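First comes the structure, then the notes that go with it.
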Amino acid sequence: MLPQRLPKLEFAGTVAISFAVGNLVKIPAYWSIGQLDGLHWQLIGGLALAGIAGTFAGRWLTARLPEALYMRLIRTLLLALSVLLLIKGGLQLLG
């Protein structure tokens, strides 16, 4: 989505909605194989609250960062995440 050069709030909203839809479509599959049985509901509640707080904090930060800095930060974090995932995958292949 970065090549689309969306304004930062549209980019953040599109990414959030994409991840939400992607995660929602997984629920029936997880349910059908029994992955939702025996969940720790207190932990889920705490993580949900943390997710909501993170959403508000991210929205606040996104609104205050200049566009150029925001996109540079997104690209840097995506690069760091990509490198970490490649390292983790490489270590799993070797080990």
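Keep in mind that what you see is a predicted model, and the values were worked out from it rather than measured.
Tracing side-chain contacts under 4.5 Å through hydrophobic residues (I, L, V, M, F, W, Y), one never reaches L85 starting from V15; they form parts of separate clusters. W41 and I27 fall within the same hydrophobic cluster, where Ile, Leu, Val, Met, Phe, Trp and Tyr residues are linked whenever their side-chain heavy atoms come under 4.5 Å apart, directly or through other members. Using a 4.5 Å cut-off between side-chain heavy atoms of Ile, Leu, Val, Met, Phe, Trp and Tyr, with links allowed through other members, L61 and L78 fall into the same hydrophobic cluster. In the hydrophobic cluster analysis, where Ile, Leu, Val, Met, Phe, Trp and Tyr join through side-chain heavy atoms closer than 4.5 angstrom, I87 is grouped together with L79. Both L39 and Y30 are part of a single hydrophobic cluster, where members link through side-chain heavy atoms under 4.5 Å apart.
Counting heavy atoms from C-beta on, the side chains of P66 and L69 come closer than 4.5 Å. The shortest distance between side-chain heavy atoms of L81 and L77 does not fall below 4.5 Å. The side-chain heavy atoms of Q4 and T14, taken from C-beta on, include no pair separated by under 4.5 Å.
Nearest heavy atoms, M71 versus K8: CE-CA, 4.2 Å. The nearest pair of heavy atoms linking V25 to G22 is CG2-O, 3.2 Å. Across all non-hydrogen atoms, the minimal contact from A12 to T62 is CB-CG2, 4.4 Å.
Remark: R64 CZ is packed, more than 12 non-hydrogen atoms of other residues, nucleotides or ligands lying under 6.0 Å away.
Between the CG atom of L24 and the CD1 atom of I17 there is a distance of 11.5 Å, given to the nearest 0.5 Å. Taken from CG in L49 to CD1 in I44, the straight-line distance is 12.0 Å, to the nearest 0.5 Å. To the nearest 0.5 Å, the span separating CD on E67 from CZ on F11 amounts to 10.5 Å.
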